There are 2 protein chains.
Amino acid sequence: MDVTAFKERLKEKGCKLTLQRRSVLDILIKHSGEHLSTEELYEKVKENYPEIGLATVYRTVQLFEEMHIIDRLNFDDGCSRFELASEEEIHHHHHLICEKCNKVFEVENDLLEEIESEIERKYHFKIQDHHLMFYGQCEECLNKKRGK
Amino acid sequence: MDVTAFKERLKEKGCKLTLQRRSVLDILIKHSGEHLSTEELYEKVKENYPEIGLATVYRTVQLFEEMHIIDRLNFDDGCSRFELASEEEIHHHHHLICEKCNKVFEVENDLLEEIESEIERKYHFKIQDHHLMFYGQCEECLNKKRGK
DNA sequence: TTGCTTGCAAAAGTTTTGCATAACC
DNA sequence: GGTTATGCAAAACTTTTGCAAGCAA
């Protein structure tokens, strides 16, 4: 997303373009695929912008979430984590979480359309989004266990 | 689960059967399908066992989670919620979360085997569990919106 | 100028922990 | 009797909020 488009989307919401908001977005883009927490975002933004406050980062991720710029993820590690929302309408990757080393992998795979339409029909529920996480063991940890 | 089996499973872990643990299990069984939070569990246990402490309930749900007696759920409302784990090895329901009224519905539907085996093959990741949540609008809220 | 935004500090909310006492086996 | 478990209070964390000052448009 470029600065002009970003400013435009903020304006639509009656919000202003501030250096803090730009800095948070920059870090999110720079670290896409890393699922940073608010605290981690704050630490990274501070490297270039030491005056920023943690509360501002919390307020910014809330705003970005409402604007659908980012998605909030929960890996049960005590804090929210974020990733850039995909630009396309139908996005969706899933997450593999290794219960040994806690690493998170992304999976490009949807295939949920079938399940979604069945659920929509059966339960009269209009689905707008989904989160799918798989828990288990990653290749590396499987090999370690087997002593390879 | 009966008391004898419960005691046996506790003993396997070197843990003792206490009135507190029995009380928490009783409430979980009595309110299965309700996704109680730790605080809510505490309130309900207190009705019959007023001396119990909140920390004990926190410690108990941690223990039960390790024992796979319950599953921890996260609906992004600021706390963990719990449900009894299914007795069968493979049995999975999913959750529909209405973003208007925040009600949670359960869906009896697996159909993920196909996706799981594809992921296991492609990513060399051994899947042990999954969580699938759908976000959207429930029938009631859809009807309200349309003024029915 | 006007209203949105920020930084700070304090508050709020959930969860964990230390420790003396109590309960289980 | 020895060890695990509990209750209480305090601590640790994450997140939110109030408010005066600052900044964008």
Side-chain angles (χ1 to χ4, degrees), chain A residues 3-4 6-25 27 35-67 69-70 72-82, chain B residues 3-27 35-67 69-70 72-82:
Chain A
V3 180
T4 319
F6 182 43
K7 187 169 181 178
E8 189 52 42
R9 289 188 56 184
L10 284 165
K11 203 155 85 180
E12 283 166 22
K13 261 189 88 62
C15 294
K16 292 173 178 170
L17 177 60
T18 65
L19 192 45
Q20 288 90 335
R21 285 171 182 163
R22 274 176 63 172
S23 305
V24 172
L25 182 62
I27 294 297
H35 313 121
L36 298 180
S37 67
T38 316
E39 186 77 37
E40 287 165 355
L41 264 172
Y42 169 62
E43 291 300 332
K44 297 216 182 294
V45 173
K46 260 209 309 200
E47 290 170 14
N48 283 312
Y49 195 142
E51 320 88 276
I52 199 166
L54 179 57
T56 301
V57 181
Y58 271 99
R59 283 184 282 232
T60 302
V61 292
Q62 258 177 356
L63 175 65
F64 285 5
E65 194 186 4
E66 283 172 36
M67 295 170 70
I69 288 177
I70 57 178
R72 182 183 299 263
L73 303 174
N74 201 309
F75 297 127
D76 280 319
D77 63 345
C79 60
S80 290
R81 294 180 171 276
F82 300 90
Chain B
V3 180
T4 319
F6 182 43
K7 188 170 180 177
E8 189 52 42
R9 289 188 57 183
L10 284 165
K11 203 155 84 181
E12 284 166 21
K13 260 188 90 63
C15 294
K16 291 173 179 171
L17 177 60
T18 65
L19 192 45
Q20 288 90 334
R21 286 171 182 164
R22 274 176 63 171
S23 305
V24 172
L25 182 62
D26 284 346
I27 294 297
H35 311 121
L36 298 180
S37 66
T38 317
E39 185 77 37
E40 286 165 356
L41 263 171
Y42 169 63
E43 291 301 331
K44 297 216 182 295
V45 173
K46 260 209 308 200
E47 289 170 14
N48 284 313
Y49 196 142
E51 320 88 276
I52 199 167
L54 178 57
T56 301
V57 182
Y58 272 99
R59 283 184 283 232
T60 302
V61 292
Q62 257 176 358
L63 176 65
F64 285 5
E65 194 187 4
E66 282 171 37
M67 295 171 69
I69 289 177
I70 57 178
R72 180 184 299 264
L73 304 174
N74 200 310
F75 297 127
D76 279 320
D77 63 345
C79 59
S80 289
R81 295 180 170 277
F82 300 90

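Basis for what follows: all heavy atoms, side chains included, without hydrogens, waters or symmetry-related copies. Quick caveat, the model's predicted, so the values are computed rather than measured. A note on names: the letters A, B, ... follow the listed sequences, proteins ahead of strands, and every chain is numbered from 1.
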Item checked: With B/L17, the side chain to side chain contact (heavy atoms under 4.5 Å, CB included) member among B/K11, B/E8, B/R22 -> B/R22

Check: Does B/S80 make a side-chain N or O approach to OP1 or OP2 of C/dT15 shorter than 4.0 Å?
Finding: yes

Checklist line | Contact nearer the 5' end of DNA chain D, comparing B/T60 with A/R72 | finding: B/T60

Margin query: Can you measure A/Y42 atom OH to D/dT15 atom P for me and round it to whole angstrom units?
Written below: 14 Å

Notebook entry, point to check: How many Å lie between CD on A/E40 and C1' on D/dC13, as a whole number?
Noted result: 14 Å

Next item on the list: Find out whether A/R72 and A/Q62 are in side-chain contact, i.e. whether some heavy atom of one side chain is under 4.5 Å from a heavy atom of the other.
Entry: yes

Check: For C/dA23, does OP1 or OP2 lie under 4.0 Å from any side-chain N or O of B/T18?
Finding: no

Notebook entry, point to check: Start at the 5' end of DNA chain C and walk down; is the nucleotide closest to B/C15 or to B/T38 reached first?
Noted result: B/T38

Check: Which part of the nucleic acid does A/E51 contact within heavy-atom distance under 4.0 Å: base, sugar-phosphate only, or nothing?
Finding: sugar-phosphate

Note to self: With a 4.0 Å cutoff (strictly under), does any side-chain N or O of A/K11 reach OP1 or OP2 of D/dA24?
What the structure shows: no

Notebook entry, point to check: Between B/F64 and B/F6, is the ring centre distance below 6.0 Å?
Noted result: yes

Check: Under 4.0 Å between a side-chain N or O of A/R21 and OP1 or OP2 of C/dT6?
Finding: yes

Item checked: B/R59 CZ to C/dT15 C1', straight-line distance once rounded to whole Å -> 11 Å

Note to self: Both A/L19 and B/Q62 contact DNA chain C. Which one's nearest nucleotide lies toward the 5' end?
What the structure shows: A/L19

